[in-house]
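Below you'll find the structure, written out as C-alpha cells, and then a few comments.
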Amino acid sequence: MPAFTRLSPPSQGTAIRFEGGHPVVPDEPVIPFIRGDGTGVDIWPATRRVLDAAVQAAYGGGRRIQWFKIYAGDEACQRYGDFQYLPEDTLTAIRQYGIAIKGPLTTPVGGGIRSLNVTLRQLFDLYCCVRPCRYYAGTPSPHRHPEELDVVVYRENTEDIYIGVEWAADDPVGQELLRHLNETVIPANGKLGKRQLRPGSGLGIKPVSKMGTQRHVRRAIRHALGLEGRKRHVTLVHKGNIMKFTEGAFRDWGYELATTEFRAVCVTERESWVLDNLAKDPQLSVESNARAIDPGYDNLTPAKQEVICEEVGAILDSISESHGQDRWRRMVMVDDRIADSVFQQLQTRPGEYSVLATLNLNGDYISDAAAAIVGGLGMAPGANIGDDAAIFEATHGTAPKHAGLDRINPGSLILSGQMMLEFLGWHEAAALVNHGIGQAIANRCVTYDLARMMDPPVDPPLKCSEFADAIIHHFPQH
Ligand SMILES: NC(=O)C1=CN([C@@H]2O[C@H](COP(=O)(O)OP(=O)(O)OC[C@H]3O[C@@H](n4cnc5c(N)ncnc54)[C@H](OP(=O)(O)O)[C@@H]3O)[C@@H](O)[C@H]2O)C=CC1
Ligand SMILES: O=C(O)CCC(=O)C(=O)O
Ligand SMILES: [Mg+2]
C-alpha cells in the first residue's frame, strides 16, 4: 500500500480494479476527488450531494462511495506549498484507485504552468475524452430544434498540439530548431519547394500516431455498436485537406480500423452508396456505379476514373455478399467530414450526427460548440477514459467570475458524476440522476444560465446548491 505524505484515505472501502480495460467494482469503492479551482468550490459539493443521494436512493445502503479528498491546483499549493500544483500524493491516489472525479483547474495563458488537466490525461494515458451533448426537454436554447442534437464527442486526449512540445519565439533552442528546419529538413523533402519558416516564430509540434488514433477510434466504434438505428454512426472529423499527414492520417487510420478489425460490423459511407446502387439495379455496371458515387466522374481524367472503378470493383468483390442486400443498414456507418463543415452542420443538420471521433484540438472546440446548442457549458459533462484509469470532469473551466457565489450551474459536473455511475455499472443510480436533472429543468428549477434564456425568464434563478436540492427532490419516488 503506497504511503501518502499528507493524505488520509478513508478507513473503509476498496479500490476498483481494471481487467481488460473494464472496471471491476466493489460495493464500497474508494473514489478520489479533486475539488478544483474557481467554481469548483461551488459545483463539487453540489455534485457530491446528488451522487450520494442517488446511490442511497438506488441501493438503500447496499452500495456506497467512499470519497477520498485529494488535491490539485490552488488548493494543493495551500496544502503542499508554493508551486505544488499536482503533488505526488495525488498521482499516487489516482494510480492506486484507478478512478477520480475532479472540478476544473486553472491554466494561465502564455507563460506559467502547463495545463494540469491535460497533464493528468497524459500521465494516466486517458486517451479518450468522451463528451456527450444531449438535450433535456425544457432547456432554453438559441436553436429552434435543440432536441435534434444527440451526439457524443470522442476527443483524442493524448496527442496533437496538446502534447506541449513547443518553443517560445525568443527561445534560442527553438530558433536553432527553426534554422535546422529551414536549412536542412525542408530542402531535403523534395516536395516542400522553397518554403521557409519565418525567423522569430514560436514553434509547436503536432504528433498524431496510428496507434493513438486507432485505440481511440476503436472505443468510438464500440460506443456506436451499443446504439440503435441511425445512431450507429461514427464520423471521423479532421482537417485532412490542409494537415495531410496528421489530420488526414487520422481519417485514413480510422477507416483502416473500421474496414479491418470491425469489417463484419462496419460499412463506410462510400461502400454504402455502392451497395445501395447495386441493390436498386442489380445489372448496374461497375462504371455506372462509379459514376453514381462520384457526380464529377465524367469530368475526371481517365486515370482518375480508373481509380474510382477499381475502388467500386474492390468493394463489390470484398463485401457485396456480407454487407449487400441492405445488411449494411444494421451496421455502424463510418464516414468522415472536414472539421469546419462539422461546426456548421451540427447547427443546421444536428440529427445527422451521432459519435464524432476527433483529434484533440478539434474535439476541444466542437465539444464547447455542441454544448451551446443544448443549454451551454453548465450542461456539458465529460469523462477521460484509458485502459487502466478514468477521470470524470466537466467540459468547462473554472468560470472565475462566478467562483464562490453559489450561482454557477453544477449540472455539468453532476452529469459527469452520472457518467461515472454508468462507468461503475451503477445504472439505477445513474438513471435517478438523469431523471432528477431532466425533471428539475422541465419544472423550471434552474440556475442563472438557463434562467436568463427561458421564456418567460425564471426570476430569481436557483442557486447552485438549490439546483442540487431540486435534482434530488425530482428523483422518482419508489
Ligand atoms: N478541464 C478543465 O479544468 C478546464 C479548465 N479550463 C480553464 O478554466 C479557466 C477559465 O476558462 P474560461 O475560458 O473562462 O472558460 P470557462 O469554461 O471556465 O467559462 C467561460 C464561460 O462559460 C460559462 N460557464 C462555464 N461553466 C459554467 C457552468 N458550470 N454553468 C454555467 N455557465 C458556465 C460562463 O459564461 P457566462 O459568464 O456567460 O454565464 C463562463 O463565464 C482557464 O484557466 C482555463 O484554462 C478551461 C476548460 C476546461
Ligand atoms: O486545461 C485547460 O486549462 C483547458 C482544457 C480544455 O479546454 C478542455 O479540456 O476542454
Ligand atoms: Mg475546452
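What's counted below: heavy atoms across the whole structure, side chains too, no hydrogens, waters or symmetry copies. We count ligands from 1, going down the list as the structure has it; atoms in each ligand are counted the same way.
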Measuring only between side-chain heavy atoms, which start at C-beta, is Ile408 closer than 4.5 Å to Thr447?
no
Taking all non-hydrogen atoms of both residues, which atom of Thr39 and which atom of Gly397 are closest, and how far apart?
OG1-O, 4.1 Å
Would you verify whether the NZ or CZ of Arg218 falls within 45 degrees of the ring axis of Phe262 while also being under 6.0 Å from that six-membered ring's centre?
no
Taking the Mg ion (ligand 3) as the center, what protein N, O or S atoms are found at less than 2.8 Å?
Asp364 OD1
Closest candidate by heavy atom, reference atom 2 (C) of ligand 2, pool Val118, Asp368, Thr119, Asn117:
Asn117
One residue to check: Arg121. Relative to ligand 2, which of side chain, backbone, both or neither has a non-hydrogen atom less than 4.0 Å away?
side chain
Tell me whether Lys463 forms a cation-pi arrangement with Phe467, defined as NZ or CZ under 6.0 Å from the six-membered ring centre and within 45 degrees of its axis.
no
Over all atoms of both residues, closest heavy-atom pair of Thr358 and Gly363
OG1-CA, 3.0 Å
Hey, what's the ring geometry for His233 with Tyr353, parallel, tilted or perpendicular (30° and 60° as the breaks)?
parallel
Would Tyr127 and Asn384 count as having a side-chain donor-acceptor pair, cut-off 3.5 Å?
no
Does ligand 2 have an atom under 4.0 Å from some heavy atom of Arg131?
yes
Is there a donor in the side chain of Ser209 and an acceptor in the side chain of Glu159, or the other way round, less than 3.5 Å apart?
yes
Please test Phe423 against Phe392 for ring pair (Phe, Tyr, Trp, His ring centres under 6.0 Å), starting from the C-alpha separation and ending with a verdict.
CA-CA 10 Å; Phe423 180 81; Phe392 297 81; 5.5 Å; yes
Candidate pair Tyr97 and Phe68, rule ring pair (Phe, Tyr, Trp, His ring centres under 6.0 Å), full reasoning:
CA-CA 10 Å; Tyr97 293 103; Phe68 178 15; 5.7 Å; yes
Numbering the atoms of ligand 2 from 1, which are under 4.0 Å from a heavy atom of Thr107?
1 (O), 2 (C), 3 (O)
How close do Phe83 and Cys77 get, counting heavy atoms only, and between which atoms?
N-SG, 3.9 Å
Counting only heavy atoms, which portion of Glu393 has something under 4.0 Å from ligand 2: side chain, backbone, both, or neither?
neither
Mind checking what residues have non-hydrogen atoms under 4.0 angstrom from ligand 1?
Lys102, Pro104, Leu105, Thr106, Thr107, Asn117, Arg121, Leu377, Gly378, Glu393, Thr395, His396, Gly397, Thr398, Ala399, Pro400, Lys401, His402, Ile408, Asn409, Ser412, Tyr448, Asp449, Arg452
Can you see whether Phe4 has Arg6 sitting over its ring - NZ or CZ less than 6.0 Å from the centre and within 45° of the normal?
no
Between Val267 and Val334, is any pair of side-chain heavy atoms under 4.5 Å apart?
no
Checking the N or O distance criterion of under 3.5 Å, is ligand 2 in contact with Ser115?
yes
With heavy atoms of Thr395 as the reference, note each atom of ligand 2 found under 4.0 Å away.
10 (O)
Could you tell me, atom by atom, which parts of ligand 2 come under 4.0 Å of a heavy atom of Arg155?
8 (C), 9 (O), 10 (O)
